[in-house]
S.K.: 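Below is the structure I would like to discuss, written out as structure tokens.
First the proteins, then the strands, lettered A, B, ... as listed; each starts at 1.
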Amino acid sequence: MSLLAHLNEQQRAAVEPGRGVFLVRAGAGSGKTRVITRRIAHLIAHHKAEPSSIVALTFTNKAANEMKERVAQLAQTTTTPAIGTFHAYCLRLLKTNRHLLALPDFTIMDEDDRDKLIQKIVSAAGFNKQISSNAVSHALSNAKNQSATGSINFSLIDHPVIQDLCMTYEKERKLAHCLDFDDLLIETIALFKNNPSFRTSYQSFVRHVLVDEYQDTNLVQHALLRFMTCDNQGIFALDSLCVVGDEDQSIYSWRGATVHNILEFSKDFPQTVSLVIEQNYRSVQPILSLANEVINNNASRLPKNLWSERKGKDRIRLVKMASDRHEADLVARLTSFLKKFHPGESCAVLYRSHHQSRSLEEALLRHSLSYKIIGGIQFYERQEVKDLLAYLRLAVNPYDRVSFSRIYNAPTRGLGAKFEELFFEVWSQEPLLPFNAIAQKLIDSGAIAGAKKNSLVAFCELFSFIAKNNPTPTAALELIVQKTEYLSYLSNAFDKSIALEKIENVRELASAVQAAEDRGCTSLEAFLNEVALVQDHASKADRDDGLQLQLMTYHAAKGLEFDTVVLAGLEDGLFPTARSLDIPASFEEERRLLYVGITRARERLLMTHAQQRYVFGRVTQQIASRFIEELPKALAPHEDGSQWAPFNTDRFLETWLTGNTSSFSNPSSLPQAPKFTRSSFTWDAEPFKLSKERKENLDHQGYTPSRATSTFTTPPNTPLGPKASSSWRPFQTVQHKSFGVGVIKEIEEKSGGVINLTIHFSCGIKKINASFVSPHQK
DNA sequence: ATTACTTCACTTTTT
DNA sequence: GTGAAGTAAT
Ligand SMILES: Nc1ncnc2c1ncn2[C@@H]1O[C@H](COP(=O)(O)OP(=O)(O)OP(=O)(O)O)[C@@H](O)[C@H]1O
């Protein structure tokens, strides 16, 4: 039976039985995910379980997709089990049982929408200056992530004012017929809790549940799992439940995850069969040894001894580079060599935070290497895409105030802050009406007239047209773009290159809508739901040239594996992040993050850190990560590459990858830059230090860094008009039309002969263009 | 109301 | 280096 092949004893114990509760607690790469996928396939093939009676939950979309693929390979069925993230599955349950909900026609707010609403509430309450909306957002999410009873527990918020603001948020959210991400879980719990008969029928339908990465579930998710799997008396009521996880890989405590859930699992599920695996099948032994050494430094930890049969020598490198650019160049050169010596293998560069991808991207582009970035600023988070989605959302849900706020003046149609104030004041008096009813009221009462009225009428007509004709998603989007003249708005409001990019994104959105429609997503609502939880958008530009290079954060890499892994930016303050340094629990979580990173590697591991790096637009000296001291020298020899020219980097990499020092050769794919001699070129983090020849070099390779362009287009001899500055001097008394008489404090001369004066008026200090003031005559 | 510009605070990590 | 927020000017 091939489904049980290549499983060890413990894995088999969790895969084979058709009934029971199983908990697999095992280290990284020990085959936990394999247990899940094989178990699904085995349930279908051997126990004849209906695929639709199986639910498998994961943490990230990427993990869910990976699991879908693996299961599809193992089980050839027409219907597929429900495999998805907690959030996606909850959305599905809520939508298919909407008749049981208080808000059957909700739409989903993403984090951005939610923060915007909070911001509005904070400033409307006049706490603008005292309370940051971040703090409110944080407190709210915290409370929601611990509210396991189907409604938010506001008493979890200590600060009385913040508590109040959160209550207002909840009220507004409900009036807008919206759910945020956290609500998806809470409302699903409420669905089970308030409808015992639904729970019973659900459990006659769903018989098997599996959860991956259980160490990263929070209280809400754990409670939800109990509602899904236990009957109204709290007795386990399904055929089987299988959860797997590794407490050493718990990296989501900031979003309420608690290892308690996995460590105390059998308290809530007394019939649990606990299984432990200590063999790692993924990594070669040196990499695993390094991971073990690192994680051993965590004090609060259950001891474990992971081992691997996979031997290997000389698999780890740790290198100090001069700067972020130098580091990125090393990564790009490594990629070139991997393409040459290990084509068809996978490689990932991991970093602590998304902004680190920038320098890496630039280097990869310079070397004409293809790559894929996972996460970061996503397609569906782009301003123009969000605008158009907000139109679609408002069409589906005319109560959605957040979407209305977003688009009532995008594109600009002469309706500004005053209008918004008036509109929402009337709306708060009639909170149960949709936006178009409020608009009608304002027009009827004459409060909005003239040009404003016309804009508002046109805006509303667009939506009534959609409501009346119920067009397909494609047609609706097309209509919106056309009627709002969205494309010409983009080309007028933005610089040409930016506008073109945005227009391209609009096109891409149109094709995404079309693709969804072709997939059978024929209603606007279905499309919006599909989009809401997946910010990732399969881009057509994913070129495949042998090596798959992916860039992502440690968090996004959870559960994945790659032949070669690069851990970039091992620097104090970056990784471990500055915020974790004085909080022992956070610091240990950072270390677990490193453990996760190391254990992603099958064959090779390269760790790098830079001496200086661009941080907030400034060159900053960086200190090597304190984690580096925890790496045994024998396992990870520390090289100083900070003085390396490209030639040295190549030699280092080739020696490492081939074990061959003598036959050094340049792979032809590497761009050679003969002008990069040691004396004329440095790897400073500062990008503007590029020499002119170097810039031309880059141009020849078809890539011009955008920042450099502006630097070099500054005309060397700015045409200066008559020395106008001579007519102004400090302490001179001057006159301004609206500010009256003042005294000059500072004189600045800008390019083009423009002079700005900083003037002390009786009403305060202002900065004024000199052409608006005249010398004061007594 | 909109624009064009300056200043400022900010960056963990995901659904 | 970026995006929000504030401000001077049309
Ligand atoms: N019994 C086995 N024999 C051989 N290879 C195995 C076995 N079990 C799993 N593997 C392989 O080991 C690798 C790691 O497995 P898997 O991803 O399931 O581990 P995991 O425990 O889920 O890892 P992580 O904790 O990092 O998520 C995979 O490449 C898988 O194919």
S.K.: Report the distance from atom CG of A/Asp572 to atom P of B/dT12, rounded to the nearest whole Å.
M.R.: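 After rounding, the gap between these two atoms is 17 Å.
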S.K.: Using both pair distances under 3.5 Å as the test, note the stems of at least 3 consecutive Watson-Crick or G-U pairs that include DNA chain B.
M.R.: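 For DNA chain B the paired stretches long enough to count as stems (3 pairs minimum) are B:1-10 with C:1-10.
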S.K.: Are A/Tyr408 and A/Phe419, when compared by the centres of their aromatic rings, separated by less than 6.0 Å?
M.R.: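 Yes, they do, as the ring centres are separated by less than 6.0 Å.
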S.K.: Could you tell me how far apart A/Gln249 (CD) and B/dT13 (P) are, to the nearest whole angstrom?
M.R.: 20 Å
S.K.: Can you check the A/Tyr408 OH to B/dT2 C1' distance for me, whole Å?
M.R.: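 Interatomic distance, OH of A/Tyr408 to C1' of B/dT2: 12 Å.
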S.K.: Is the closest side-chain donor-acceptor distance between A/Gln249 and A/Glu247 under 3.5 Å?
M.R.: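 No, because no side-chain N or O of A/Gln249 sits under 3.5 Å from a partner of the opposite role on A/Glu247.
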S.K.: Ring centres within less than 5.5 Å and planes less than 30° apart: is that true of A/Trp254 and B/dT13 in this structure?
M.R.: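 A/Trp254 ring centre within cut-off of B/dT13 base, planes near parallel; stacks.
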S.K.: What is the ring orientation for A/Phe423 with A/Phe404, classed by angle as parallel under 30°, tilted 30 to 60°, or perpendicular over 60°?
M.R.: parallel
S.K.: In whole Å, I'd like the distance from the CG atom of A/Leu593 to the C1' atom of B/dT14.
M.R.: 13 Å
S.K.: Does the distance from a Lys or Arg side-chain N to an Asp or Glu carboxylate O, for A/Asp324 and A/Arg358, drop under 4.0 Å?
M.R.: no
S.K.: Reckon A/Arg352 has a side-chain N or O less than 4.0 Å from the OP1 or OP2 of B/dT12?
M.R.: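 For B/dT12, neither OP1 nor OP2 has a side-chain N or O of A/Arg352 closer than 4.0 Å.
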S.K.: In chain order, what residues pass the ring pair (Phe, Tyr, Trp, His ring centres under 6.0 Å) check against A/Tyr489, with sequence neighbours excluded?
M.R.: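 Ring pair (Phe, Tyr, Trp, His ring centres under 6.0 Å) list for A/Tyr489, sorted by chain: A/Tyr486.
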S.K.: A/Arg255 CZ to B/dT12 C1': how many Å, rounded?
M.R.: 14 Å
S.K.: For residues 83-92 of chain A, which residues have at least one heavy atom under 4.0 Å from DNA chain B?
M.R.: A/Thr85, A/His87
S.K.: Compare side-chain N and O positions of A/His354 against OP1 and OP2 of B/dT14 and report whether any pair is under 4.0 Å apart.
M.R.: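 Checking B/dT14 against A/His354, a side-chain N or O does come within under 4.0 Å of OP1 or OP2.
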S.K.: Sort me out a list of protein N/O and nucleotides 3-5 of chain C N/O pairs below 3.5 Å, or just none if empty.
M.R.:
none

S.K.: Please state how far atom OH in A/Tyr614 lies from atom C1' in C/dG1, giving the value in whole angstrom units.
M.R.: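 Answer to the nearest Å: 8 Å.
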S.K.: Can you list everything that forms a ring pair (Phe, Tyr, Trp, His ring centres under 6.0 Å) with A/Tyr554? Sequence neighbours excluded, please.
M.R.: A/Phe575
S.K.: Sequence neighbours left out, what passes side chain to side chain contact (heavy atoms under 4.5 Å, CB included) with A/Ser580? Give chain and number order.
M.R.: A/Pro576, A/Thr577, A/Ser586, A/Phe587, A/Glu590
S.K.: Can you tell me if the side-chain N/O atoms of A/Arg413 get under 4.0 Å from OP1 or OP2 in B/dA1?
M.R.: no
S.K.: Kindly say if A/Asn145 contacts the phosphate of B/dT15, meaning a side-chain N or O under 4.0 Å from OP1 or OP2.
M.R.: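 For A/Asn145, the contact criterion (side-chain N or O under 4.0 Å from OP1 or OP2 of B/dT15) is not met.
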S.K.: For A/Ser405 and A/Lys116, does a side-chain donor sit closer than 3.5 Å to a side-chain acceptor?
M.R.: no
S.K.: May I ask you to check whether A/Ser455 and A/Arg413 show a side-chain donor-acceptor distance below 3.5 Å?
M.R.: no
S.K.: Which nucleotide in the list B/dT13, B/dT12, C/dG1 gets nearest to the side chain of A/Arg358?
M.R.: C/dG1
S.K.: Have a look at A/Thr577 and say if it touches a base, only the backbone sugar-phosphate, or nothing, with a 4.0 Å heavy-atom cut-off.
M.R.: base
S.K.: Using 4.0 Å as the upper bound for N to carboxylate O, is an ion pair formed by A/Asp183 and A/Arg114?
M.R.: no
S.K.: By the 4.0 Å heavy-atom rule, please label A/Asn218 as base, sugar-phosphate, or nothing.
M.R.: nothing
S.K.: Looking at A/Ser580, I'd like to know whether one of its side-chain N or O atoms comes within less than 4.0 Å of OP1 or OP2 on B/dT12.
M.R.: no
